Every structure is written in C-alpha cells, then in structure tokens.
Amino acid sequence: MKISLPLISAGLALLLLAQGCARPPAIASATPPPAPAFASPSPRPKKTYKDLVVGFSQIGSESEWRTADTISIKQEAARLGVDLIFMDAQQEQENQILAIRTFIAEKVDVIGISAVVETGWGDVFQEAKAAGIPIIFVDRLADVAGDEYVTYLGSDFLEEGRKAARAMVGLTGGQAEIVELSGTIDSAPAVDRSNGFRQILQDYPGMQIIDSESGDFTRARGLEVMRTMLQKHGRSITAVFAQNDDMGLGAIQAIQEYGLKPGVDIKIVSVDAEKEAFEAMIAGTLNATVECNPLLGPQFFDLALKVANGEPVPKRVPSIEGVFYPGNAAQILPTRKY
Ligand code: AHR
C-alpha cells in the first residue's frame with residue numbers, strides 16, 4: 001500500500017513520538033523556494049558529518065544486542081555532530097516502511113535500516129532510489145534487488161551458524177539430540193544461522209536436531225519455548241542451539257526449573273557474546289557463545305558520509321567476530337562493551 005505525503009505529515013508527529021524519534025521533522029513548506037537564476041559553475045562542496053542528515057530505522061529493543069546497537073548508533077551520531085532521525089519500529093515491518101517514507105519526505109541524505117524480516121517490502125526501496133536517497137543496510141539485509149541499496153554492513157550470519165555447529169560438535173563429541181531455538185521468523189539471522197548450522201551437521205550423523213521453534217530473539221520467548229520442549233522431549237534433549245544469547249539465557253532458566261543442570265546435562269551454544277553470556281559461562285551454565293558485533297555506529301557513519309559524497313564503498317562490509325568459551329570468560333568479561 002502506498003501512503004501519500006499528506007497522510008505521512010498528519011500521522012508523523014504521533015508516530016515519531018510513539019517510536020522515540022530523535023528529533024521532530026521539518027514540515028514541508030507548500031511554496032517551493034525560488035529557483036536560482038542560473039546553475040552555479042563550481043562543484044558541489046563535500047559534506048562533513050555536521051552537514052549530514054541521516055534517517056535510521058531500527059528494529060526494536062528485543063535483545064540486549066539490539067540495545068547495544070541502538071546506543072552505538074546514537075552515541076556515534078552525537079559524537080560526530082550528525083543530524084540523526086532515529087525511529088524504533090517495535091519489531092513491525094509496517095513501521096519500518098512508514099519510517100522510510102518519512103525519511104524520503106524529510107529529504108535525508110542517507111537512510112540506514114536494519115530490516116526486521118527479509119521479504120514483503122513492496123516498492124519502498126524503489127521509492128527511496130527514485131528520490132535519490134541511498135540506502136545502507138545495517139546488521140540485517142532485506143531480500144531486495146542489488147541496485148536498491150548501496151551497501152550492507154553487518155555480520156556473516158551463515159558463518160555464525162556454522163561456528164555454533166562446530167562448537168557444538170566439539171562440546172558433544174559429535175553425538176547430540178539438539179533442540180534449536182530460532183530467531184524471528186523470516187529474519188536474515190534466523191534463516192542464515194539455521195542454514196549454516198545444518199550445513200556443518202550434515203557431516204555428523206550422530207548430531208540430530210530433534211525439534212526447532214522460534215523464540216523471536218527474546219528471553220521471555222526462549223524461556224517459554226524451552227519449557228515446552230522439555231515437556232515434549234524431557235531428558236532426551238542433550239543440547240540446545242539458541243540463535244541468540246537472550247533466548248539461551250531463557251533456556252537456562254527453563255532447564256534449571258525442570259531440575260536439570262544447564263551446561264552439564266544439556267550443552268548450550270548461543271550467539272551474540274553479550275556480557276550476560278560471559279557471566280553464564282563463568283557460572284558454568286552456558287558452554288559457548290558465537291560473537292555477533294552490534295557496535296556498528298562508527299562504521300555506519302563512516303560509510304554514510306562517503307555515500308553522501310558520492311565516494312565508492314564496498315557492496316558488503318563484514319564485521320570481524322570470534323567464538324568464546326568458559327575457559328577465558330572471566331578474563332574477557334571486563335573488556336566486553338555490551
Ligand atoms: O540481527 C542480529 C540479531 O538480532 C542478534 O543476534 C539478536 O540478538 C538480535 O535481536
């Protein structure tokens with residue numbers, strides 16, 4: 001569905017207030033400014049961070065990871081003096097579509113977006129392209145044509161899934177009855193982590209995924225889904241792959257409630273490498289966490305300025321990430337920033 005600009009203007013103040021917009025938008029004037037008598041012969045001066053207006057559509061605040069990502073983006077904008085219009089979509093794709101249309105109406109220089117799901121975006125990215133506003137995907141890419149965005153900055157979710165599987169093989173000696181707590185349905189990390197995990201397991205016939213269900217990347221759902229899994233499969237579960245730490249922490253609680261020892265009776269591998277995951281490894285309740293870096297603010301604004309000035313940027317900018325185990329968790333914990 002297309003939303004007209006007058007409709008956007010009417011609903012905008014309300015939406016921005018509800019979704020934590022960093023600054024109110026300028027309402028477009030009915031009378032356009034007078035056109036210059038003739039075009040200036042001098043080239044357009046390069047923008048600096050202080051000239052840059054950036055719209056950023058964030059998914060929500062479903063995990064500690066997301067909170068750290070939001071802080072990184074807002075803090076870096078403030079540090080650089082970038083004018084940031086930040087909109088929180090509360091995990092609703094419709095809100096992200098409306099946010100992009102808002103940014104187009106606002107004539108921002110660059111749009112950053114972490115796409116809540118991969119599909120179902122309609123024409124909105126084409127609309128941004130037609131308006132001449134470059135799109136940078138941050139953290140999560142959408143399933144759109146290559147010419148509808150300039151670059152994608154973020155993790156290699158497929159490799160994260162593979163890393164989690166390799167860690168699981170090492171922890172279980174290649175024999176496990178695994179329950180998977182997957183992320184938001186149709187989201188890039190859920191799809192890719194699932195695929196990456198299965199790619200590695202193909203070579204280990206003793207590793208079986210006995211059940212898989214979405215915990216929507218939240219701790220509350222991780223707890224709920226793991227309780228159900230334990231009711232269903234009981235002690236036959238020997239391992240859990242939680243596609244993020246928050247769900248893993250929920251699963252730990254469910255296993256304890258059930259009277260088993262997480263990390264001992266049931267091996268657990270999760271993704272993100274949040275501080276709380278390190279604390280769980282120190283406590284012996286989590287066996288490994290695969291890093292997914294949310295501190296993307298500095299790289300994002302570096303790319304945004306280059307893009308706004310028409311400078312070339314790579315189509316894919318990956319984050320560099322590791323895997324952590326209990327062995328040195330206590331030593332590493334103080335260095336973790338999220
Ligand atoms: O897109 C990154 C994922 O989204 C993180 O792993 C998860 O914690 C977050 O909600």
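Ligands are counted one by one from 1 in listed order, and the atoms in each one are counted from 1 as well. Quick caveat: nothing in here was measured; it's all calculated off a predicted structure.
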Checklist entry - Going by the salt bridge (Lys or Arg N to Asp or Glu O under 4.0 Å) test, which pairs reach into residues 189-209, not counting sequence neighbours? => result Glu160-Arg193, Glu180-Arg198
Next on the checklist: Can you pull out every salt bridge (Lys or Arg N to Asp or Glu O under 4.0 Å) where at least one residue sits in residues 61-71? Sequence neighbours excluded, please.
Outcome noted: Glu62-Arg66, Glu62-Arg140, Arg66-Asp69, Arg66-Asp139
Checklist entry - Taking the side chain from Gln208 and the backbone from Pro205, do they hold a donor-acceptor pair closer than 3.5 Å? => result yes
Checklist outcome for this item: Tracing side-chain contacts under 4.5 Å among Ile, Leu, Val, Met, Phe, Trp and Tyr outward from Ile185 reaches none
Item to check | Aromatic plane relationship, Phe56 with Phe300 - under 30° parallel, 30 to 60° tilted, over 60° perpendicular | outcome: perpendicular
Item to check | Under-4.0 Å salt bridge between Glu159 and Arg166 | outcome: yes
Checklist entry - Considering only heavy atoms, which protein residues lie less than 4.0 Å from any atom of ligand 1? => result Glu62, Ser63, Trp65, Arg66, Asp139, Arg140, Phe157, Pro189, Arg193, Phe217, Asn244, Asp272
